[in-house]
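What follows is one structure encoded as structure tokens, with my remarks underneath.
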Amino acid sequence: MGNPLPKAFFARPAELVAPELIGCLLVKRQEGVALLWGVLVETEANSQEEPACHGYRRRTPSNETLFGEPGRFYVYVSYGIHHCVNVVTHRADWANGVLLRAAAIPGEPERVAAGPALLARRFGIDRSRDAQLVDPDRGLWIAPRPPELAGLGAADLTQTSRIGISQGQELSWRWYLRASRSVSRRARGDRQPPALVTAAPP
DNA sequence: TTCACGATTCTA
DNA sequence: AGAATCGTGAAG
């Protein structure tokens, strides 16, 4: 879990990175407590050339990080109240990133991090993390898929349109792990999978 | 300085 | 389906 994704992983277009991030682990090191980690189960891609992207209109102090080098967190405030966490991708001077929309945290309620703002809240991520490197040395990073999830493929994911945007609906740039109950919102017709049975009856 | 709006969430 | 809630960016 200490091994982070290599920097080159993020130096690709967001729509390539986003689906590959599913199954990876978001990990946070905290003072005096065990590592906090969760499996990423839902992501969205965003890119400068389309209107749903924060960098579509102009480069400003608040979206500056999105235009920076890949491999950093871009954290923004949503609706004045919530925080949302992105990972910057592709290359510098081109707004491109992946929104981390949901994570499944072992041993915790299924939906504590089911949604971008809930994920940010549970991991205690706010604007102070903006522009910070995705790196174990900074205490917050992303680890590759663990062995048991290494076999994840397109067949395990649902690809659909993004959530909460008015423009850019035609792009199917949201991906989620179908087997997970920690997904923020399922595509139409996709039934919620059964809960995992963790304990055998006596 | 002011105003309208939003990559959301919670409740009914 | 609708409200809450406030940081931003564009307008004045």
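In what follows, chains carry the letters A, B, and so on, assigned in the order in which the sequence lines appear, proteins first and then strands, with residues in each chain numbered from 1.
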(message) Closer than 3.5 angstrom, by distance alone: can the side chain of A/E44 be matched with the main-chain N or O of A/I163 as a donor-acceptor pair?
(response) yes
(message) Are more than 12 heavy atoms, taken from residues, nucleotides or ligands other than A/R121, located less than 6.0 Å from that residue's CZ atom?
(response) no
(message) For chain A and DNA chain C, what are the first and last nucleotides along the strand, 5' to 3', with at least one atom under 4.0 angstrom from a heavy atom of the protein chain?
(response) C/dT5 to C/dA10
(request) Could you tell me whether A/R57 atom CZ has more than 12 heavy atoms of other residues or ligands within 6.0 Å of it? (result) no
(request) Any chance you could encode DNA chain B as dot-bracket? Rule is Watson-Crick or G-U wobble with both distances under 3.5 Å; [ ] for pairs crossing earlier ones, | for another strand. (result) ||||||.||||.
(message) By the side-chain hydrogen bond (donor to acceptor under 3.5 Å, both in side chains) test, which pairs, at least two apart or in different chains, include something from residues 163-173 of chain A?
(response) none
(message) Salt bridge or not between A/D135 and A/R138? Use side-chain N to carboxylate O under 4.0 Å.
(response) no
(request) Using atom CD of A/Q167 as one end and atom C1' of B/dG6 as the other, report the distance to the nearest whole Å. (result) 12 Å
(request) Mind checking the CD1-CG spacing from A/I125 to A/L26? Nearest 0.5 Å is all I need. (result) 5.5 Å
(message) Counting only side-chain heavy atoms from C-beta out, which of B/dT8, B/dC10, B/dA7 sits nearest to A/I163?
(response) B/dT8
(request) For DNA chain B, find the residues of residues 15-24 of chain A with a heavy-atom distance under 4.0 Å and give them by number; none if there aren't any. (result) none
(message) Taking the side chain as everything from C-beta on, heavy atoms only, tell me whether A/I22 gets closer than 4.5 Å to A/L149.
(response) no
(message) Check this for me, if you would: do A/R185 and A/E42 make a salt bridge, where the nitrogen-to-carboxylate-oxygen distance has to be below 4.0 angstrom?
(response) no
(message) Do A/Y176 and A/D190 pair up side chain to side chain, a donor and an acceptor below 3.5 Å, judged on atom types alone?
(response) yes
(request) Please list, by residue number, the residues of residues 119-127 of chain A whose heavy atoms come closer than 4.0 Å to an atom of DNA chain B; answer none if no residue qualifies. (result) none
(request) Of all the heavy-atom pairs spanning A/Q30 and A/A34, show the shortest one and how long it is. (result) NE2-O, 4.0 Å
(request) Please name all residues satisfying side-chain contact (heavy atoms from CB on, under 4.5 Å) with A/R181, sequence neighbours left out, ordered by chain then number. (result) A/E110, A/Q192, A/P193, A/A195
(message) Strictly below 4.0 Å, N to O, side chains only: are A/R122 and A/E108 in salt-bridge contact?
(response) yes
(request) List in numerical order all residues of residues 80-116 of chain A for which some heavy atom is under 4.0 Å away from an atom belonging to DNA chain B. (result) A/G80, A/H82, A/N86, A/L99, A/R101, A/G115, A/P116
(request) Apply side chain to side chain donor-acceptor pair (under 3.5 Å) to A/E50 and list each qualifying residue two or more places apart in sequence or on a separate chain. (result) A/R162
(request) Mind listing the closest non-hydrogen atom pair of A/A52 and A/N46 along with its distance? (result) O-OD1, 4.0 Å
(message) Give me each pair satisfying side-chain hydrogen bond (donor to acceptor under 3.5 Å, both in side chains) with a member in residues 141-158 of chain A, each pair once, sequence neighbours excluded.
(response) A/T158-A/R178
(request) Among residues two or more places apart or on two chains, list those pairs meeting salt bridge (Lys or Arg N to Asp or Glu O under 4.0 Å) that have a residue in residues 20-36 of chain A. (result) A/R12-A/E20
(request) For A/T43 and A/R101, test the side chains for any donor-to-acceptor distance below 3.5 angstrom and give the result as yes or no. (result) no
(message) Please check: side-chain N/O of A/N86 versus main-chain N/O of A/G97, any donor-acceptor pairing under 3.5 Å?
(response) no
(request) Measure centre to centre between the rings of A/H54 and A/Y76, then say whether the value is under 6.0 Å. (result) yes
(request) With the side chain counted from C-beta on, respond yes when A/I105 and A/V112 share a heavy-atom pair under 4.5 Å apart, and no when they do not. (result) yes
(request) List in numerical order all residues of residues 168-184 of chain A for which some heavy atom is under 4.0 Å away from an atom belonging to DNA chain C. (result) none
(request) Enumerate the residues from residues 45-64 of chain A whose closest heavy atom to DNA chain B is under 4.0 Å, giving them by residue number; use none for an empty result. (result) A/N46, A/A52, A/H54
